[in-house]
Amino acid sequence: MSIGYACLTVGVPNTNFKSCIMKNFSESKLLELISHNLNSLENIIDYNIKNNIKLFRLSSDVIPFGSSPINTLPWWDLFSNRFSAMGNKVNSNGIRISMHPGQYTVLNSPNEDVVYRAIEDLKYHNRFLDSFDVGTQHKIVLHIGGIYNNKEEAITRFITNYYKLDESVKSRIVIENDDKLYNIGDVLDISKTIKVPVIYDNLHSQINPFDKEKKDFHWIELCRETWKEKDGFQKVHYSQQDVLKRIGSHSTTINVNGFLDYYETLEGRQDLDIMLEVKDKNLSAIKCINCTTNNRKISALELEWTRYKYLVLEKAPTNYLQIRKLLNDKDSYPVISFYNLIENALQKEININHSINAAQHIWGYFKDIALEKERSSFFKSLENYEKGKVTLKTIKNLLWKLTQKYNQTYLMDSYYFIV
DNA sequence: CACCGTCAAGTCGCA
DNA sequence: TGCGACTTGACGGTG
């Protein structure tokens, strides 16, 4: 079983993607953007390898205007060396990649033009994955599309248009239930005709159920039948509702207790990959991996603690002390209590005294090496923050600059700087 | 450097 | 029939 995350990272330097608006489009601009984005993508892959994350969705935005007629660059050729290098890393580390065109790629539209663009977009996604030289278990996830006042016809159109796709594109397509129009029953039905694997999304099914009496595992077992040998392990999407936001909004982080409730219903099945859809991305991936791994070593939690500790200290000093105590027994693996305390701390409102205390802790790394003007600048900012003149972000930016300047590797990976 | 409107895509609900 | 909402992260212009 692999657990992974989608497209972007949180708190990993040099992993951002750039784009431009059509108005500023030019070939040289495009070359520059692609080159930058491929660097970022390789950094993400390196990060995933280092953190033992074996499942990752590639962003569609790596090649700006990837399927647009304005992009006539043979990027797969121009950057073939870069793709090979990344492909080797993916293959040799047993990483499974995937892509997921957005909600605007609609294969079943009654508008021919829209369908044409959808087909072009799927070709782009397939070409992108092909550039890594990976097999057909590396999938392209697609929703069914719109209804246009006649669901039956819309489904027929989806099937007809699916058959128009190239064999190589079809070999990667998998279909997913959505939160509005096509529930898991609909998607499984479509799969019966076109024999395409089905991804079960738990949150979509909760919002748009076929039969709300049926549990997640029921659907996962039915979907399992749609995955063949050449498709690799069955994949599912897992996410939780953000309680403060609109129905369907993904949560900030994956709540460990909720995830484990779900995980336990899977009856120990290991031939299943779980793609998390969550705002804190890689952070939740590491969390869920640590919660489900058979390799229960406290060193994994200690490593996590180096990343979370100042954020916890800033939000909840009590939790900070509790976690330190929790990690004292080196033969234990108190993973659930550990993440419960972290999640609890991060939910708390910022308290000005606690945040000043945490900033001073970080300052401790620099107090003996910083220049006098850096010292005065820090304390001046701290004073201004206390008076409400500047935000905490200013303080953190200042400390982040010092972290980089003085190469404080221990602080480099700290989530403290992700405001 | 912080802030915020804009961009890009297609569908659907509502005047 | 046409317009606004929906979604997302980055752009790009302003202060």
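Atoms considered below: every heavy atom in the structure, side chains included; atoms not considered: hydrogens, waters and symmetry mates. Naming: A, B, ... by sequence-line order, numbering from 1 per chain.
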Exercise. Whole-Å distance between C/dA10 C1' and A/M22 CE?
Worked result: 15 Å

For this session: Give the rounded distance in Å between these two atoms: CD of A/Q103 and C1' of C/dA5.
Result: 11 Å

Exercise. Centroid-to-centroid, A/H143 to A/H100, below 6.0 Å?
Worked result: yes

Exercise. A/Y148 ring centre to A/R157 NZ or CZ under 6.0 Å, with the angle to the axis within 45°?
Worked result: yes

For this session: Whole angstrom is fine here: how far is it from CZ in A/F17 over to C1' in B/dA8?
Result: 18 Å

When you compare the protein's N or O atoms with those of nucleotides 2-6 of chain B, which come within less than 3.5 Å of each other, and at what distance?
unit_1: B/dA2; atom_1: OP1; unit_2: A/N397; atom_2: ND2; d: 2.8

For this session: Would you please classify the geometry between the A/Y124 ring and the A/W75 ring as parallel, tilted or perpendicular, with 30° and 60° separating the classes?
Result: perpendicular

Problem set entry | Any residue of residues 104-130 of chain A with a heavy atom less than 4.0 Å from an atom of DNA chain B | A/Y104, A/V106, A/S109, A/V114, A/R117

Exercise. Once you round it to whole Å, what is the distance between P of B/dC12 and NE2 of A/H143?
Worked result: 14 Å

Seminar exercise, completed: Rounded to whole Å, the CG-P distance (A/L8 to C/dT8) equals 12 Å

For this session: Report which part of the nucleic acid A/Y148 touches: base, sugar-phosphate, or nothing (heavy-atom distance under 4.0 Å, all strands).
Result: sugar-phosphate

For this session: Take the angle between the ring planes of A/F259 and A/Y238 and call it parallel below 30°, perpendicular above 60°, tilted in between.
Result: perpendicular

Seminar exercise, completed: Within residues 150-164 of chain A, those residues having any heavy atom closer than 4.0 Å to DNA chain B are none

For this session: Take the angle between the ring planes of A/H361 and A/Y310 and call it parallel below 30°, perpendicular above 60°, tilted in between.
Result: tilted

Seminar exercise, completed: Of A/K401 and A/I147, the one whose nearest nucleotide on DNA chain B sits closer to the 5' end is A/K401

Exercise. Is it true that the NZ or CZ of A/K396 lies under 6.0 Å from the centre of A/Y416's six-membered ring and within 45 degrees of the ring axis?
Worked result: yes

Exercise. Which part of the nucleic acid, if any, lies within reach of A/G102 when heavy atoms closer than 4.0 Å are counted: base, sugar-phosphate only, or nothing?
Worked result: nothing

Seminar exercise, completed: A/N37 atom CG is separated from C/dA10 atom P, nearest whole Å, by 10 Å

Exercise. Where the side chain of A/S19 is defined as all heavy atoms beyond and including C-beta, which of C/dG13, B/dA9, C/dC11 is the nearest nucleotide?
Worked result: C/dC11

Problem set entry | Interatomic distance where NZ belongs to A/K18 and C1' belongs to C/dC11 [whole Å] | 11 Å

Exercise. Does NZ or CZ of A/K215 come closer than 6.0 Å to the centre of the six-membered ring of A/Y262, within 45° of the ring's axis?
Worked result: no

Exercise. Does a side-chain N-to-carboxylate-O contact under 4.0 Å join A/E349 and A/K315?
Worked result: no

Problem set entry | A/Q234 and A/R269: side chain donor to acceptor below 3.5 Å | yes

Exercise. How is A/K180 classified with respect to the nucleic acid when contacts are heavy atoms under 4.0 Å: base, sugar-phosphate, or nothing?
Worked result: nothing

Problem set entry | Between B/dA9 (P) and A/D61 (CG): distance, integer Å | 13 Å

Problem set entry | Pairing of A/D130 and A/R127 as salt bridge, 4.0 angstrom limit | no

Exercise. So, A/W76 versus A/F128, ring centres under 6.0 angstrom or not?
Worked result: no

Problem set entry | Mutual orientation of the aromatic rings belonging to A/F210 and A/W219 [parallel < 30°, tilted 30-60°, perpendicular > 60°] | perpendicular

